[in-house]
Amino acid sequence: MKLFREVVAVAAKDVRIEARSRYALGAVLPFAATVLIAFGLSIGPGRTLLQETAPGLLWLAVLFASILSFRRSYEAEGEDGALEGLLLAPVDKAAVFLGKAAAVAGQLLVLEVVVVLLVSALFGLSLGSEPAVLAGAFVLGTIGLAGVGSLFGVLTESARAREAVFPLLVLPLATPVLVAAVRATALATGSPGGGGGSWLGLLLAFDVVFLSTGTLVYGYLLED
Amino acid sequence: MSSSGASNALLPASRPGSIPDRRGAAAIELSGVTRVFGMSPALVRVTLTVDRGETLLVRGPNGAGKSTLLRVMGTALSPTYGGGSVLGFDLSRERDEIRRRTELLGHRTRLYEDLSARENLRFACVLYGIDQDGIGAVLERVGLLDVAGERVRAFSQGMRQRVAVARALMREPELLLLDEPYAGLDADAKEVVDEAITAARADGRTVVLATHDPTRGAIADRTVHMEQGRMLPGEPARRSGRDQVTAG
């Protein structure tokens, strides 16, 4: 119960900061929209090709957006040494990890709704084939990205070239999540292949691994 | 001041469910503590004992190791070599118990700039398991009640420091570590810091203060000097009978 209260407090604090700074609205969303429009224009008017590439482009936009969101999330911790405050507080450090992951996951899910609607309009993506698999892909994929981002955000906070180091650490580990999420999304939006459930199972496995690892090691990473 | 006696009755009671306070121990006992950053030693074999209820002033030029010393005491940094205890808890193995009882007020106020003063204190209350009812009173005490709803981003350094002092006042820690708390403050804000120290002393709590400000030393029971990471022999204790500062 105490852990849950601390997770909620950290997540609520991050969401409030995001709501005040409007970073997602002002930077992340325009960035994601620009990526999608640029890809759409470069691929050309062929509707079949657009539909086939849409799940991959959609998740690429989400991946880049998640990197920006996590950088912002840890920037707020570094502005006046607040991360040290979290270190010195007698709280379970797993609560900090889970709270920060939950806050960014929430922001990404809102962003994804907008991005999916945009992709649907631009690329003619069908959303009605398997809505449960589609929703599962986004929820599980987002949790996976949030787990990786929250874990490595703290590692790179003290790094001199953190803007470069963070993607270098996150992108390789996020790739399996990205592949599974893209396949599940493709199947849910009508691409041939079947077996959306197995990709969702893989996403769930990644989520369990990343969240468990983060919960166990975050405290050690936070210490000097 | 001895670790036994009347002053200990004034110490805050241990929180429910926590490990009982180890009141027989000195507030701080460091033995041969060395801290190295890369190849540069910031602390060199520092041995120091601070009694319960004592107010210790740490002086020294820039780069002397004062901040590192306080950050080691507050468990923000680990000693590279050596060890010791704070409030009877081992510096390496019982960090959470030390953190529960210690407030480190440093150069950085550890506030969230996009939250208001009140929201920052509320968040601290959740982290430290403190009742939020006292937030209004403590903000009034540091003179920020009128601006409690404004974002910290718009605050001056002095106002931010006041919020940090308010957080320390709310927590009533057994050990207050103040690292240059007067830096960048106007006279009124300095008074707020002094009041926090006076209140801690009156409650029999231990205070370690590192400052350059020559006008702020009078409040201390004892002064120690640092240079190039080493502790130099301090002045004779005015209140403590156990001055055990040794050079490394």
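Chain identifiers are assigned alphabetically (A, B, ...) following the order of the sequence lines, protein sequences preceding nucleic acid strands; residue numbering begins at 1 within each chain. Values below: every heavy atom of this structure, side chains too, minus hydrogens, waters and symmetry copies.
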>> Need one label for B:Arg122: side chain, backbone, both or neither, based on atoms under 4.5 Å from any heavy atom in chain A.
In response: neither
> Is it true that A:Glu223 and A:Lys93 make a salt bridge, defined as a side-chain N closer than 4.0 Å to a carboxylate O?
Replying inline: no
> Is it the side chain or the backbone of B:Arg151 that comes within 4.5 Å of chain A heavy atoms, both, or neither?
Replying inline: side chain
>> Quick one, A:Leu108 and A:Ser69 - any side-chain contact, counting heavy atoms below 4.5 Å?
In response: yes
> Is the shortest heavy-atom distance from the side chain of A:Phe70 to the side chain of A:Val148 under 4.5 Å?
Replying inline: no
> Between A:Glu18, A:Arg16, A:Lys13, which has the largest tally of heavy atom pairs under 4.5 Å with chain B?
Replying inline: A:Lys13
> When heavy-atom pairs shorter than 4.5 Å are enumerated against chain B, which of A:Glu84, A:Glu77, A:Lys2, A:Arg20 gives the highest number?
Replying inline: A:Arg20
> For A:Val10, is it the side chain, the backbone, both or neither that has a heavy atom under 4.5 Å from a heavy atom of chain B?
Replying inline: both
> Does the ring centre of A:Trp59 sit less than 6.0 Å away from the ring centre of A:Phe64?
Replying inline: no
>> At a heavy-atom distance under 4.5 Å, which candidate from B:Arg167, B:His107, B:Arg153 has the highest pair count against chain A?
In response: B:Arg153
> Side chain, backbone, both or neither: which part of B:Glu103 has a non-hydrogen atom closer than 4.5 Å to chain A?
Replying inline: neither
>> Does the structure place the NZ or CZ of B:Arg171 under 6.0 Å from the centre of the six-membered ring of B:Tyr128, at an angle of no more than 45° from the ring's axis?
In response: yes
> Of all of B:Asp96, B:Leu104, B:Leu115, which one pairs up most often with chain A through heavy atoms under 4.5 Å apart?
Replying inline: B:Leu115
> Is B:Arg35 positioned over the aromatic face of B:Phe37, cation under 6.0 angstrom from the ring centre and no more than 45 degrees off axis?
Replying inline: yes
> So what's closer than 4.5 Å to chain A heavy atoms on B:Ile98: side chain, backbone, both or neither?
Replying inline: neither
